[in-house]
**Student:** 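A single structure is presented below for examination.
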Number of protein chains: 2
Amino acid sequence: MSRATIKDVAEAAGVSIATVSRVLNDRGGASATARTVREAAERLGYAPNALARMLITQRSMTVGLLQPMVSDSFAGQVLDGVEDAAYELGYSVIVCSTGAGSSRLEHYARLLASRQVDAAVVMSTALTQTQHELLRALALPYVVVAGSTPDPGVPVVAIDGQQAAADATTALVTAGHRRIGMIAGGADDPVAGIPRVRGFVAACDTAGIAPDDRPVEHGDFGYDSGLVAMRRLLERRPDLTAVFAASDEMAVAAMTVADEQGRRVPEDLSVIGFDAIPLARMTRPPLVSVAQPLRAMGYRAMQAAEQLVRGEPLPAAAPVAHALTVGGTVGPPSGGPPFGDPVGPPSPRS
Amino acid sequence: MSRATIKDVAEAAGVSIATVSRVLNDRGGASATARTVREAAERLGYAPNALARMLITQRSMTVGLLQPMVSDSFAGQVLDGVEDAAYELGYSVIVCSTGAGSSRLEHYARLLASRQVDAAVVMSTALTQTQHELLRALALPYVVVAGSTPDPGVPVVAIDGQQAAADATTALVTAGHRRIGMIAGGADDPVAGIPRVRGFVAACDTAGIAPDDRPVEHGDFGYDSGLVAMRRLLERRPDLTAVFAASDEMAVAAMTVADEQGRRVPEDLSVIGFDAIPLARMTRPPLVSVAQPLRAMGYRAMQAAEQLVRGEPLPAAAPVAHALTVGGTVGPPSGGPPFGDPVGPPSPRS
DNA sequence: ATGAAAGCGCTAACAG
DNA sequence: CTGTTAGCGCTTTCAT
């Protein structure tokens, strides 16, 4: 059985389609015919064709989520927040995996424009000027979450990555460490690479730690690259007492290497990670990590997107608050009681 | 600047809109006008309005993905596969988080029908008869991935959960274990709960292990519940030499509890998990786990959905192959060399 | 309050 | 090969 249309309902109720439209959209009075119409609609299992409505209202109540990778838990949590807000606002979310390259982002941007999505949410991406211009040319309003854009007028929902890295480093310094290694992410990653190294270096400088005492090795945020980076770090400076990693996977890798070399955490080596993914809670001891309120960020990004569509004024784009999670991987250099109290700005209410 | 329509292009090229439509859809010859049209389209930055096209072709090239939770890495990997296949097939994916309750699934089913999606992909859900009938009534074709449905005519992409659990258990038995505990999932979860317990029990029966020697405790698949379940298990039978958990998080929890109690893995206790999420590779030693080819399953589910839409005959729904991952958490009961060779059917080529 | 009619932007017959 | 004419299912004037 094919789906019933507004015409079928109109015939069944003995009225015109205009009347059906009005009744079903509560734009007609509560007359007697209203009931007849509703009953007919019910009986026929009528569901309005959203496509037809979109075509005429010029609003698809849909947003596109552009993200480099959809499968990691970072992306999942943001998506969860986006989806939740979308649900509440009556929007649908089309997910687009843009991958590493730029070509797929362009492809999807065109696709989304062609599908008349009302806005795009760009995640974990540092948009180039060219990409920004493409989006503009496609008349596709967008917001950025956990990323950046060259246009200061575009809403961005993100933490201050440099400050967060500095806070994590400072926590290590406060615990008494003076020789701290960093396992950084991609050396030219403008979102999760560069700012975190910068924050690390800045905090070390402030603490008066000499460049030689704060070696940096780069990984790709993944576990395996963390193993390699950690080994190199300890080769360069076997006397490190603490490590700050730009991702939890790399932090866990650091713990694995420490374990292999008979260094205990936190007695012999303190470790701080980044992102506070679920994994961080399951290590022994639990990993201290920089937490971003990912779900809340997704939620907020979707809200911002909706406001953008409605042409509502947007609140100034203040960075989102980050926080250090409680854990057991940070302690004083020479051993002693574990240290893991939260440091830095409080996490926002979810 | 508002988006250009086909009419604008037609005027700019000095032809009718029908000609524009034909040229742009390669349904008109390569005449001289074709170039004129293409140039005009290019110049105006014309992008066809997919909505209008959908309305007339009665095909939205969109599928809805219904999943209980979008944020865990299990869901993420399946989504990744779905998205990938969708991209290749020219489809878009709308994600819908149905949560635990049934009401949101119903809501989304109606929404998707109203949005004229061509099909739905239902994930990690054991559809009830009522839910199945709703989908039918909405004229919404669907496939199931990592779940089940009452209608044998509906394509299902899933492993044989009972067999997989039995294989994991048998691996433990083969290693020499005779007192094996299980940390199960939800006691009435028809997808990841019941079948896995059943497979565990069946394998133990086959091995001649007495019911008392194969205690079962239930968790909710999460880490914390795993801690509780493991402690209860060891209280009941402190002499257990192996544990099979219905999720990796619970398996890692078992390892944590073992560690707390001074039991070494795998010397004193062998552990097998389920799902082989990224986390499993990062434990010390790496966790042996039952792997489902999640990405491939998502990919295949999307393919099946597309075939369903096209009315193409579907291949018989054979279960997907599972496999045990290589790891270091399984060994003989009394200590000895680690054991972690793959067991069970080979994993499918991705 | 209701119905007739005009589209939203596009595709698909049908003529020429 | 091209243009004309109908719609897809809906919302929305504009009369009635």
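Lettering follows sequence order; numbering is per chain, from 1.
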**Student:** OP1 or OP2 of C/dG9 versus the side-chain N and O atoms of A/Gln58: is any pair under 4.0 Å?
**Tutor:** yes

**Student:** Think B/Asn25 has a side-chain N or O under 4.0 angstrom from the OP1 or OP2 of C/dT11?
**Tutor:** yes

**Student:** Does A/Arg38 count as lying over the ring of A/Tyr46, i.e. NZ or CZ under 6.0 Å from the six-ring centre, within 45 degrees of the axis?
**Tutor:** no

**Student:** Looking at A/Val122, A/Val121, A/Leu112, which one forms a side-chain contact (heavy atoms from CB on, under 4.5 Å) with A/Cys96?
**Tutor:** A/Leu112

**Student:** Using heavy atoms to find the nearest nucleotide of DNA chain C for A/Ala18 and B/Ala18 separately, return the residue whose nucleotide is more 5′.
**Tutor:** A/Ala18

**Student:** How long is the line joining CG of B/Leu51 and C1' of C/dG7, in whole Å?
**Tutor:** 16 Å

**Student:** Out of D/dG9, C/dT11, D/dC10, which nucleotide sits closest to the side chain of B/Leu55?
**Tutor:** D/dG9

**Student:** Grab the CD1-C1' distance between A/Ile6 and C/dT2 for me, whole Å please.
**Tutor:** 14 Å

**Student:** Quick one: is B/Thr33 getting a side-chain N or O under 4.0 Å of the D/dT2 phosphate, OP1 or OP2?
**Tutor:** yes

**Student:** Taking atom P of D/dG3 as reference, at what distance in whole Å does atom NZ of B/Lys7 sit?
**Tutor:** 16 Å

**Student:** How many Å lie between CZ on A/Arg59 and P on D/dT12, as a whole number?
**Tutor:** 12 Å

**Student:** Regarding A/Glu88 and B/Arg104, does a basic nitrogen lie under 4.0 Å from an acidic carboxylate oxygen?
**Tutor:** no

**Student:** For A/Leu138, does its backbone N or O pair with a side-chain atom of B/Arg3 as donor and acceptor, under 3.5 Å?
**Tutor:** yes

**Student:** Counting only side-chain heavy atoms from C-beta out, which of C/dT11, D/dT11, C/dA12 sits nearest to A/Arg53?
**Tutor:** D/dT11

**Student:** On DNA chain D, nearest-nucleotide positions of A/Ala4 versus A/Arg22: which is more 5'?
**Tutor:** A/Ala4

**Student:** Verify the contact: side-chain N or O of B/Thr19 to OP1 or OP2 of D/dT2, cut-off strictly under 4.0 Å; return yes or no.
**Tutor:** no

**Student:** Under 4.0 Å: is that the gap between some side-chain N or O of A/Arg27 and OP1 or OP2 of D/dT12?
**Tutor:** yes

**Student:** Please report the distance, rounded to the nearest Å, between CE in A/Met54 and C1' in C/dC10.
**Tutor:** 16 Å

**Student:** Quick one: A/Ile17 CD1 to C/dA4 P, roughly how many Å, whole number?
**Tutor:** 10 Å

**Student:** Closer than 4.0 Å, any side-chain N/O of A/Ser21 to the OP1 or OP2 of D/dC10?
**Tutor:** no

**Student:** Could you state the atom-to-atom distance from CG of B/Asp8 to P of C/dC8 in whole Å?
**Tutor:** 11 Å

**Student:** Let me know the distance between CD1 of A/Ile56 and P of D/dC8, rounded to the nearest Å.
**Tutor:** 15 Å

**Student:** So, does B/Asp118 use its side chain to make a donor-acceptor pair with the main chain of B/Val309 at under 3.5 Å?
**Tutor:** no

